[in-house]
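Some notes on the structure that comes next.
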Amino acid sequence: MKFFIDTANLEQIKEAQELGVLDGVTTNPSLMAKEGIVGQENILQHYRDICNLVDDKVSAEVIATDFEGMVKEGEILAALDDKIVVKIPMIRDGIKALKYFSDKGIRTNCTLIFSSGQALIAAKAGATYVSPFIGRLDDISTDGLRLIEEIRLIYDNYGYETEILAASVRHPMHIINCAQIGSDVMTGPLSAILALINHPLTTNGLATFLADHAKSQEVTA
Ligand code: G3P
């Protein structure tokens, strides 16, 4: 499974990249706003800065909600760097924009997916990725992971190449469950990625190994 980090914070992206397990970055307008990036030029420069930190795949979201606006913005974003994936919302004009970019060979990420029907039509429009928001479904007492299972089944039935990018991942169990179900990608916060590493038996076991080693060195010294 590919690991993307879901942030526009350069320090966190750098930290994840240095870990050596990062396959990409996803951003959204809220995450960009959180970093205080204001104005079109600064926003474009921030995407360039992110692209310079990572090896591949940086999702950058359009703000327009009409077809012409999405095409115009998406083309500007795609021209920034080969790593850019144009992120497009799941709305009627978004479907048209997905098809437009797909026909031009520009990668897309269809965002705000909350049903398998939305994932199906995005795949038919040629989306490179679909982003089901599993955490936000869990927030309203709906099973976010069940949606990943439904989309996996539909895509496998017809051999759709669109990749399932589990988004709104909140904790390490979301990542593990997505991997069990067969999500192609997950995007989550650095904290959820780092939490995969920890286990108290590992911590205690390593402490014992190091203590035993230190003791043995004292005896022979
Ligand atoms: O990738 C989508 C994601 O950023 C949404 O996450 O935690 O705001 O629901 P969250």
Side-chain angles (χ1 to χ4, degrees), residues 1-13 15-17 21-37 43 46-47 49-51 53-54 56-65 70 73-74 77 83-91 94 97-98 101 107-116 118-119 122-123 127-148 150-152 162-179 181 183-196:
M1 183 169 68
K2 290 175 201 158
F3 277 23
F4 289 1
I5 188 169
D6 194 28
T7 184
N9 182 281
L10 298 179
E11 281 311 308
Q12 289 186 15
I13 293 168
E15 205 177 324
Q17 175 66 23
V21 298
L22 193 66
D23 301 295
V25 179
T26 52
T27 63
N28 62 40
S30 302
L31 293 172
M32 293 292 278
K34 197 171 160 193
E35 298 307 311
I37 317 295
I43 288 173
H46 199 74
Y47 286 134
D49 292 344
I50 293 175
C51 288
L53 284 179
V54 298
D56 211 358
K57 310 288 188 307
V58 175
S59 282
E61 188 161 342
V62 298
I63 305 298
T65 54
M70 283 190 258
E73 269 184 55
L77 292 170
K83 295 170 189 169
I84 292 284
V85 176
V86 180
K87 205 170 178 188
I88 296 187
M90 169 43 71
I91 52 177
L98 288 172
F101 286 119
R107 288 183 302 236
T108 53
N109 174 357
C110 186
T111 189
L112 292 165
I113 296 279
F114 292 98
S115 78
S116 52
Q118 291 177 325
T128 315
Y129 303 98
V130 286
S131 288
F133 279 27
I134 61 174
R136 291 193 194 184
L137 282 169
D138 290 353
D139 288 343
I140 58 157
S141 309
T142 306
D143 189 349
L145 292 166
R146 174 77 192 131
L147 176 58
I148 303 288
E150 288 176 12
I151 301 171
R152 181 74 284 154
T162 300
E163 292 189 41
I164 303 173
L165 195 174
S168 189
V169 160
R170 303 274 174 75
H171 50 70
M173 279 314 295
H174 269 157
I175 302 178
I176 294 162
N177 291 145
C178 282
I181 293 166
S183 189
D184 299 290
V185 192
M186 79 81 205
T187 189
L190 181 62
S191 58
I193 296 172
L194 293 179
L196 291 174

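When a ligand or atom number is given, it counts from 1 through the structure's own listing order. Worth knowing before you read on, the calculation uses all heavy atoms, side chains too, and leaves out hydrogens, waters and symmetry mates.
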Checklist entry - Should Ser168 be counted as touching ligand 1, given the test is an N or O pair under 3.5 Å? => result yes
Item to check | Side-chain (Glu73) to main-chain (Ile63) donor-acceptor, under 3.5 angstrom | outcome: yes
Item to check | Euclidean distance, His171 NE2 relative to Asp138 CG, rounded to 0.5 Å | outcome: 6.5 Å
Next on the checklist: For atom 4 (O) of ligand 1, what's the nearest protein heavy-atom neighbour? Residue, atom name and distance, please.
Outcome noted: Asp6 OD2, 2.5 Å
Checklist entry - How far does CD of Gln17 sit from CD of Gln12, to the nearest 0.5 angstrom? => result 14.0 Å
Checklist outcome for this item: One finds that the ligand 1 atoms under 4.0 Å from a non-hydrogen atom of Phe133 are 2 (C), 5 (C)
Next on the checklist: Among all the protein's non-hydrogen atoms, which is closest to atom 8 (O) of ligand 1, and how far away is it?
Outcome noted: Arg136 NH2, 2.8 Å
Next on the checklist: Going by the closest heavy atom to atom 7 (O) of ligand 1, which one wins out of Lys87, Arg170, Met186?
Outcome noted: Arg170
Checklist entry - What distance separates Tyr47 OH from Asp49 CG, expressed to the nearest 0.5 Å? => result 12.0 Å
Item to check | ligand 1 N/O within reach of Asn28 N/O, cut-off under 3.5 Å | outcome: yes
Checklist entry - Which residue, Leu147, Asp143, Ile148, forms the side chain to side chain contact (heavy atoms under 4.5 Å, CB included) with Leu137? => result Leu147
Checklist entry - What distance separates Ser168 OG from His174 NE2, expressed to the nearest 0.5 Å? => result 7.5 Å
Next on the checklist: Within ligand 1, which atoms have a heavy atom of Ala167 less than 4.0 Å away?
Outcome noted: 1 (O), 2 (C)
